[in-house]
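Order of the sequence lines fixes the chain letters, A, B, ..., with proteins taken first and strands second; residue numbering starts at 1 for each chain.
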Number of protein chains: 4
Amino acid sequence: MPESPVRADAKRNRSRILAEAAAVFAEKGASASTEEVAARAGVAIGTVFRHFPTKRDLLQAIVKDLLERLTEEAATLAADGDPATALFDYFRHMVAQAAAKKTVADLLAADTGVQLEVSGPVLTLSAAVQTLLSRAQHCGAVDPAVRLDEVMALLTATCQGALRSGWSPDLQERTLTIVFAGLRDRSSQAGEDVAAVRRRSG
Amino acid sequence: MPESPVRADAKRNRSRILAEAAAVFAEKGASASTEEVAARAGVAIGTVFRHFPTKRDLLQAIVKDLLERLTEEAATLAADGDPATALFDYFRHMVAQAAAKKTVADLLAADTGVQLEVSGPVLTLSAAVQTLLSRAQHCGAVDPAVRLDEVMALLTATCQGALRSGWSPDLQERTLTIVFAGLRDRSSQAGEDVAAVRRRSG
Amino acid sequence: MPESPVRADAKRNRSRILAEAAAVFAEKGASASTEEVAARAGVAIGTVFRHFPTKRDLLQAIVKDLLERLTEEAATLAADGDPATALFDYFRHMVAQAAAKKTVADLLAADTGVQLEVSGPVLTLSAAVQTLLSRAQHCGAVDPAVRLDEVMALLTATCQGALRSGWSPDLQERTLTIVFAGLRDRSSQAGEDVAAVRRRSG
Amino acid sequence: MPESPVRADAKRNRSRILAEAAAVFAEKGASASTEEVAARAGVAIGTVFRHFPTKRDLLQAIVKDLLERLTEEAATLAADGDPATALFDYFRHMVAQAAAKKTVADLLAADTGVQLEVSGPVLTLSAAVQTLLSRAQHCGAVDPAVRLDEVMALLTATCQGALRSGWSPDLQERTLTIVFAGLRDRSSQAGEDVAAVRRRSG
DNA sequence: GATGAATGAGTATTCATTCAT
DNA sequence: AATGAATGAATACTCATTCAT
């Protein structure tokens, strides 16, 4: 006897629920009802709660999923892409995705009302971005003084901005162009500024 | 005939409610209960609804208030500040404020679930920022190709980022430094990039 | 000094409130809000409650007023009208009025949710109708066996029917024609029926 | 496969709720609270709303139920009864029922404040009464000029009168006797009156 | 494991009534 | 006497969660 056949069903249900939940919460925000998720996944409400004992668990699973996907994309770019542009491509790609799909990128910043525990997956994502950053700096495409947390901060801020305020593709590009310019030449004109900052923030 | 004394009481209540509501919604999100607002303002629930017949009205009033305050600050800086740094100061000030007070800056991007009507106040704010921008460009402190909507986009994105992800003062500064650099010298090193953008977005 | 001038104001307010209340309750039913009555009467809510300490009091006053008016109309008809038709005219008039004005005739049957005390005025009205009835019976226009309570029952039932179901003028007439025929010749064809009734209801 | 057993439970609850709701609304009017219905049906408030998502739905279901029962009774009489008296029996039966049970006959005239959609069931009831009427006219027990809408008008008016004003059995009979006489001999003594009516209402 | 009915605390909103001005 | 702001109980409806089938 192979693995119990029931389990196959359950697994299918689980991912169906996850997928529909992502869609529902993306459309209506985290306050959408679990009942609607169940309906759209074609299962009864009890089934949702069997798989995710709490709404919080469901949200957390979605976010974890999303982060994993984003991490994979970063890894792929790190493997195949031109080091000089991969970081910028990644930025652009994510922002476009956020704006277009109104995905759960939302949840990344956890204004859920619920506190989600996703530090693990976030760390992995950061590591992937770190790779992109380092290589870009090696090429001279990004100022060597730039640190990972600034990049992550700008990344999430622009994604959310694009998502929430519905930036047009044109606006996305113009905004990112400014950010990219900043990442490149922080050292030159912005030099004295950096010095000032160091003094202030000790 | 002076204004009716009854109104004095009512006015005091109204602002008390507004203030506490801003605090409550900032802490717990827009889905916090109106009852809690009432409790914290020390009035009965009916009083809240007498002043703001709908929760939506309350949220809208808060946002309108906030935007007005922000607009005033921009105007003040435009009047008194050094044109070369006023825009940057404003940015820095707002981001710091958002991060510190965890205010309702949140609501600016309206992930309220409710649709708020605030186009008027938003326009006024934009106008105020436009002034700061133009003057900075006259001084050569900001690239003349930069447009208002990019600035507003970066402003809200960084405010929200700071708010939601709780950027430390240090991180705030480092992130803004990148943005400021981008605003300044988009034309120089970033030259070819800009050209590319123009091609893409027509 | 004549009567205090304040009192004149108060009296005017009282009748204004009474009139608007009748209109409001007629339109929206007895569950309309007292606040609306106040607004339409152009006074503050407190003033309404000063004159009628309870909503029930207000409703009661309206009904009393209405009954008095109806009584007057009956009395007038008794004085001026043709005894043979006055009762029928009264019926017709009241039904038409109820259907047209969607007045507070409603309240006559007290489905107010509140219990109104109006036995006094109702007795007076009954006395007035009794006069019409007796005279019609003297003329031979109404069967002598008909009693007052049957007439009142039919009167209120038809008024309410017309009011609630919105009888057209045509339907009003056809329905009343049947009732009038019944009032006239209960004795003839309906004879054996009456006998049966007497046996049953002892 | 028999029907799911879960459904049995649910069905029992549904009718329990319906029955208690009818009782509650009959006693206290349509503005009685849904909570009380739930309490009296021995279920939690959520259960009531699961079965009837809106108070309006609940009221509508009650009325539909009632109309169906009334229609059945008319059909039974049409099948078994003496054509000459069946219509009168039906009248008498309904009025007695309304007065005794203080049922929701009330709702028939929809002074609910809410607008109920019951045109379907009402049409079916009318059809059933039409049968009784036609047969009575064939027998000569009812004047051939009488139309269905007059009969329905008198039927509902008397039911409501009996219900609201609490007619005693004796008063019910005496009132109905008048109505029945009117239905029978509109043509004879009432002749000139009918002519007048025809002239007026075209 | 899946189903979906039941639960009941929670939420926005209304309205008669009171009371400070 | 009038005003209108404040009160707070009441009400329809929602939704996460439990549990019998």
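- A straight line from CD of A/Glu36 to P of F/dA16 spans 11 Å, rounded to a whole angstrom.
- Taking 4.5 Å as the limit, some side-chain heavy atom of A/Glu68 sits within range of a side-chain heavy atom of A/Asp65.
- Atom NE2 of D/His51 is separated from atom CG of D/Asn13 by 5.0 Å, given to the nearest 0.5 angstrom.
- Put simply, D/Arg50 has a side-chain N or O that comes within less than 4.0 Å of OP1 or OP2 on E/dA5.
- Taking atom NZ of A/Lys11 as the reference point, atom P of E/dA2 lies 13 Å away to the nearest angstrom.
- In this structure, CG of C/Asp57 is placed 13 Å from P of E/dA16, rounded to the nearest angstrom.
- Here the C1' atom of nucleotide F/dC15 and the CG atom of A/Leu58 are 14 Å apart, to the nearest Å.
- For A/Arg40, the side chain to side chain donor-acceptor pair (under 3.5 Å) partners are A/Glu27, A/Glu36, not counting sequence neighbours.
- Going from atom NZ of D/Lys11 over to atom CG of D/Asp9 covers 12.5 Å, rounded to the nearest 0.5 Å.
- Listed by chain and number, the residues in a side chain to side chain contact (heavy atoms under 4.5 Å, CB included) with C/Phe52 are C/Arg14, C/Ile17, C/Leu18, C/Asp57, C/Leu58, C/Ala61 (sequence neighbours excluded).
- The phosphate of F/dA1 has neither OP1 nor OP2 within less than 4.0 Å of any side-chain N or O from C/His51.
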Item to complete: Summarise how protein sits on nucleotides 9-14 of chain E as a single string, 5' to 3': B when a protein heavy atom is under 4.0 Å from the base, S for sugar-phosphate-only contact, - for no contact.
Response: B-SSBB
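- Rounding to the nearest 0.5 Å places NZ of C/Lys64 at 12.5 Å from CG of C/Leu66.
- In this structure, D/Ser15 has no side chain to side chain contact (heavy atoms under 4.5 Å, CB included) partners at least two apart in sequence or on a different chain.
- Looking at residues two or more places apart in sequence or on another chain, you find a salt bridge (Lys or Arg N to Asp or Glu O under 4.0 Å) between A/Arg16 and A/Glu20.
- Overall bending of the helix from E/dA2-F/dT21 to E/dT21-F/dA2, expressed as the angle between end axes built from five pairs apiece, is 10° (10° steps).
- Spacing between atom CD1 of D/Ile17 and atom P of F/dC13 amounts to 14 Å, rounded to whole angstrom units.
- Rounded to whole Å, the distance from CZ on C/Phe25 to P on E/dC15 is 11 Å.
- Here the side chain of C/Lys28 pairs no donor or acceptor atom with the backbone of C/Ser33 at under 3.5 angstrom.
- Relative to the side chain of B/Asn13, the nucleotides E/dA2, F/dA5, F/dA2 differ in distance, and F/dA5 lies closest.
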